[in-house]
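First comes the structure, then the notes that go with it.
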Amino acid sequence: MDNKIVCKRVSSMLSLYIDNKVSDSEKSFIENHLNECESCYNKFLYLKSLIKSLKDSYKQIVELSLKKQQRESFNIREHEKFFANISPYIDNELDAKDCYEFRKYLIKSPVAQKELKDVYRIQRELKDCFNKTKKNVSKSISNQVIRSLKFENKKTFDFLHIYFNAQIAKIALLAIFVLFGAFEAFQYKDLIKTKVDNSVNSDIDYDSDMQKAQKLNIDYVEF
Amino acid sequence: VINFGKKTYKMKTQEELIKLAQKDNIDALEELIKRNQSNVYASFYYLNDDCADILDLTQEVLFKMAKNIKNLKDSAKFKSWLNQIVTRIFYDYLRIKNRKLKTVPIDKKEESEQERFNVAEVPCSKCTPEESSLNEELQCIIENSIHKLPDEFRLAIVLREFQGLSYEEIAEITNTNIGTVKSRISRARNKLQEELKHYIA
């Protein structure tokens, strides 16, 4: 009876004892009893293990949640990086390190694979679209350009032509002048010659006049 | 200069043509222009949403290309060089366009209430009933979604996707750095993806 009462009292205090919230006298009393009473000791062990497992599981949960949080945040960052690198990746503009990381992430994540596929698809559609437009362009756009180019070319040619013509004309003019000058000179020479001839003739005339006078026995009076 | 006849020029590669054109060979230049016309036209088709000016812009680019071909030092960089001309002329065009009032073509009828309703129903106003096959409709949708992009994004995506230039070349052409080009292309792609995801399953 007495024992039972003590057992009850001890068991009510066990929880406090485990948490170390009892006075020294109570502590020694509980320890004494636990040494004597087996059932109470078992109870104590059970309670202790329970609390320990509780604490452990709590710790585990905390750890797990922390890990998860960390992993998720890392994922988001990695995905953002991946997303920013899609465009340079398909243009082959990523450096080797980034490219390696990109591929690594790509293998890991199916979402990333789908996104990359979509981007490639859009790119292909754009290129198709562009090529179709290119094919439909009329081939006569260049005609006018070529015509105007040729016209300009001709114009420069014409200019050269005129320039050369002018040169030729100059030379011709010069030649004409020279010829004219020569002709003039020739004429002038003729004139001189005739003058000289005239003077010679006049001499002859003079002579003949004298002879005539002698012939006619007329006194030829010299002036 | 020996004239081989026009057919032989068609067999030549672009680089050979460039080199010949730089030596005042007008037939080679002609072939070069003919080869690049559709490319330039298609670029402007996506860069500019106003159909009326595309032809003028293309001819301007081709003419400039022909006149300045001698300034091109490295014939391997022809593509980048040509796109530089395209970009410059496009920027000039934008500057003028923003200053001018919006023009309305005379031959285009004014939309009535009924027509406007129809347009709202059909996804694309450019598609006529004859060509309204699924494929062409998709093409119209793609064109429209490209036209909706801001100018810089559109330019970057056209130079990248259609002309196949590297980020470095695009950065040089548009006078920006590579980071900017990267983000522009990435954002343009995202926007296109958003627009087109309902149509491309």
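Naming: A, B, ... by sequence-line order, numbering from 1 per chain.
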Can you say whether B:Leu29 sits under 4.5 Å from chain A via the side chain, the backbone, both, or neither, judging by heavy atoms?
-> side chain
Donor-acceptor under 3.5 Å (B:Glu30 side chain, A:Ile146 main chain) | no
Check whether B:Arg187 gets within reach of chain A through its side chain, its backbone, both or neither, counting any heavy atom under 4.5 Å.
-> neither
Applying a strict 4.5 Å limit to non-hydrogen atoms, the region of B:Glu195 in contact with chain A is neither
Has A:Arg9 got more than 12 heavy atoms of other residues, nucleotides or ligands less than 6.0 Å from its CZ?
-> no
Look at atom CD of A:Glu38 and say whether more than 12 heavy atoms of other residues, nucleotides or ligands are closer to it than 6.0 Å.
-> no
Can you label the angle between the A:Phe130 ring and the B:Phe162 ring as parallel, tilted or perpendicular, going by 30° and 60°?
-> parallel
Residues, nucleotides or ligands: over 12 heavy atoms within 6.0 Å of A:Gln113 CD = yes
Once you round to the nearest 0.5 Å, how far does OG of A:Ser87 lie from CZ of B:Arg184?
-> 13.5 Å
May I ask you to decide whether A:Asp118 forms a salt bridge with B:Arg189, counting only side-chain N to carboxylate O separations under 4.0 Å?
-> no
Between A:Val145, A:Asp91, A:Thr133, A:Leu126, the one whose heavy-atom pairs under 4.5 Å with chain B are most numerous | A:Asp91
How far apart are the C-alpha atoms of A:Glu125 and B:Leu196, what are their side-chain angles, what is the distance that settles it, and do they pass the side chain to side chain contact (heavy atoms under 4.5 Å, CB included) test?
-> CA-CA 10 Å; A:Glu125 292 289 345; B:Leu196 299 174; over 6 Å; no
For A:Tyr100, look at atom OH and say whether over 12 heavy atoms of other residues, nucleotides or ligands are found less than 6.0 Å away.
-> no
So, the part of B:Asn190 with a heavy atom under 4.5 Å from chain A: the answer is side chain
More than 12 foreign heavy atoms under 6.0 Å from OH of B:Tyr91: is that the case here?
-> yes
Any residues in residues 169-183 of chain A near chain B, with a heavy-atom distance under 4.5 Å, and which are they?
-> none
Among the listed options B:Phe63, B:Tyr167, B:Tyr41, the residue most often paired with chain A at heavy-atom distances under 4.5 Å | B:Tyr167
For A:Cys129 and B:Tyr46, what are the C-alpha separation, side-chain angles and deciding distance, and is it a side chain to side chain contact (heavy atoms under 4.5 Å, CB included)?
-> CA-CA 10 Å; A:Cys129 188; B:Tyr46 287 98; 3.0 Å; yes
Determine whether more than 12 heavy atoms belonging to other residues, nucleotides or ligands lie under 6.0 Å from atom CD of A:Glu115.
-> yes
Chain B contacts, top residue of A:Asn143, A:Ile90, A:Ile86 (heavy-atom pairs, under 4.5 Å) | A:Ile90
Test A:Glu93 against B:Ser166 for side chain to side chain contact (heavy atoms under 4.5 Å, CB included), laying out the working first.
-> CA-CA 8 Å; A:Glu93 299 272 352; B:Ser166 71; 3.6 Å; yes
Look up atom NZ in A:Lys132 and atom CD in B:Glu143, then write down how far apart they are to the nearest 0.5 Å.
-> 10.0 Å
Does CD belonging to A:Glu31 count more than 12 external heavy atoms closer than 6.0 Å?
-> yes
